[in-house]
2 protein chains.
Amino acid sequence: MNIVQDESRRDRKKLQRRALLIEIARRSIATKGLRSLKVRDVSEAAGCSIGSVYNEFGDFDGLILTVNRETVQALTARLKAVPADDPLRQLHGLADAYLGFATEHANLLRSLFEHRMEDDRPFPEDILAMVMDAFALMHAPLVRLLPDRDPHDVALLSRMMFSAVHGIISLGLEERMVAVPPEQLRERLAQFVDTHLAGLGVTRGA
Amino acid sequence: MNIVQDESRRDRKKLQRRALLIEIARRSIATKGLRSLKVRDVSEAAGCSIGSVYNEFGDFDGLILTVNRETVQALTARLKAVPADDPLRQLHGLADAYLGFATEHANLLRSLFEHRMEDDRPFPEDILAMVMDAFALMHAPLVRLLPDRDPHDVALLSRMMFSAVHGIISLGLEERMVAVPPEQLRERLAQFVDTHLAGLGVTRGA
DNA sequence: GCTCGAAAATGAACATTGTTCAAGACGAAT
DNA sequence: ATTCGTCTTGAACAATGTTCATTTTCGAGC
């Protein structure tokens, strides 16, 4: 067997365990929240030593950030799966997809937005960029709905609209402070999007 | 000296130190973030023992929650100081006041919204109620602007509008993920409120 | 197949930090 | 001054992130 095969075999095992560790951490965050995540719990559940977690992710933040990275990727995939045929339907679809993801993965999304680096270490650029990309997904449909507006203006509008949706959902799903009752959230969110679009001069069916 | 004076003298000293501990914790959170807050740092800065912090607040969460309680009180005071003469101006004032508070006390506001109780202990009801009250402050002016709408509907609208403003501001001020550039935030926020009001059928000067 | 060496894995020891509690200090009433 | 209850103290403990010397693993070269 040549070098490549040897290395790939070793790597395969390594990657397999890495994936296992990530999966365990993700499940833990998803079910018990970020604050309950412990290095020892993860290593024991994976059947390896504490040190191995450190070999793989550098430190505890590294593991968390890896999970968060995959969370934003999953979110983006879900958002990008929204049909882009009709811009108005797409905007509603994006808001609804975000709500769906937030409902199903509340703790994972919270981990993404609430996790703080220790000391003053910088937040990873790539995650930042991915979140920004996700929040820019309302841009394309808004451009189609507002062809006469300054594109730069629409870019800001779209991020603001997504931020607003994010705020409504994240507070609405917060069990402790129900700004909007969860069972009505879906309907109300659609209403919000419509209202805002109307304010922007977009009329239904126009 | 009678009992009342004795007790009040003792209480005064106790309250004084309690206030000191809270002030130290608040400054620490405000400058270095919630994650950097340590019991030992607080007790040392206050010149008392660790145990005294526990006597006063029960546990570490107790101290944090006390700071958060005062944060939401300060926020509410600021929001309630917005003139209520003209409903449209009041709505803009509320959004602007929230932005101002969030700008000046970013870490304190983050502490309020991002802090999680350990295990599954319930979030204090009183803080919850105070946040809800703050988020309901857009209700009164919206009722005046939308007299024909179902009041229950307006109640939801107002909390949704405030949640949206919260989302725009909290993500806009997040240095790591600038959804909306901070220097434009003020202007854009006003634009957002106007747009949404227009969507609700409120016309300027009507 | 054996040996060697680099890479990985290990987990005990350590560092940090929240928490407890037995002992002592303090102060008010008598 | 004595007594008694309360407050304070800080050493000890517990939980948890982190390090690193040692051991193990596994493939490469012979």
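Proteins come first, then strands; the chains are lettered A, B, ... in the order of their sequence lines, and each starts at number 1.
Taking side-chain N and O atoms only, Ser52(B) has no distance below 4.0 Å to OP1 or OP2 of dC7(D). The phosphate of dT8(D) (OP1 or OP2) has a side-chain N or O of Arg17(B) nearer than 4.0 angstrom.
Across the protein-nucleic acid pair, Asn55(B) atom CG and dC26(C) atom C1' stand 14 Å apart, rounded to whole Å. One atom, CZ of Arg18(B), and another, P of dC7(D), lie 13 Å apart when rounded to the nearest Å. Look at CG on Asp59(B): it is 14 Å from P on dC21(C), rounded to the nearest Å. In this structure, Phe57(A) places its CZ atom 15 Å from C1' of dA9(C), rounding to the nearest Å. Look at CG on Leu21(B): it is 14 Å from C1' on dC7(D), rounded to the nearest Å. Between Lys38(B) atom NZ and dT16(D) atom C1' there is a gap of 12 Å when expressed in whole angstrom units. Taking atom CD of Glu118(B) as the reference point, atom C1' of dA14(D) lies 13 Å away to the nearest angstrom. Per the geometry, NZ belonging to Lys14(B) stands 11 Å off P belonging to dT9(D), to the nearest Å.
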Evaluation steps, ring-ring contact (aromatic ring centres under 6.0 Å, His included), between His115(A) and Phe123(A): CA-CA 10 Å; His115(A) 176 62; Phe123(A) 196 80; 7.6 Å; no
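When distances run from any side-chain atom of Tyr54(A) to the nucleotides dT18(D), dT17(C), dT8(D), the shortest one goes to dT18(D). Each of dT18(D), dT19(C), dT9(D) was ranked by its minimum atom distance to the side chain of Val39(B); first place goes to dT19(C). Side-chain atoms of Ser49(B) lie closest to dG10(D) of the nucleotides dG10(D), dG18(C), dG17(D). Comparing dT9(D), dT18(D), dG18(C) against the side chain of Ile50(A) picks out dT18(D) as the nearest.
A salt bridge links Arg188(B) and Asp153(A); the closest N-O separation between the charged side-chain nitrogens and carboxylate oxygens is under 4.0 Å. Here Arg116(B) pairs with Glu174(A) in a salt bridge; the nearest charged N to carboxylate O distance falls below 4.0 Å.
Along DNA chain C, the nucleotide closest to Cys48(A) and the one closest to Arg40(A) are compared, and the more 5′ of them pairs with Cys48(A).
Across all strands shown, Glu56(B) has no heavy atoms under 4.0 Å from either base or sugar-phosphate atoms. Residue contacts for Glu44(A): at a heavy-atom cut-off of 4.0 Å it reaches no nucleic acid atom on any strand shown. Across all strands, Leu63(B) comes closer than 4.0 Å to no nucleic acid atom at all (heavy-atom distances).
Considering OG1 of Thr195(B) and CE of Met161(A), their distance stands at 10.5 Å, rounded to 0.5 Å. To the nearest 0.5 Å, atoms CG (Leu99(B)) and OG (Ser170(B)) are separated by 11.5 Å.
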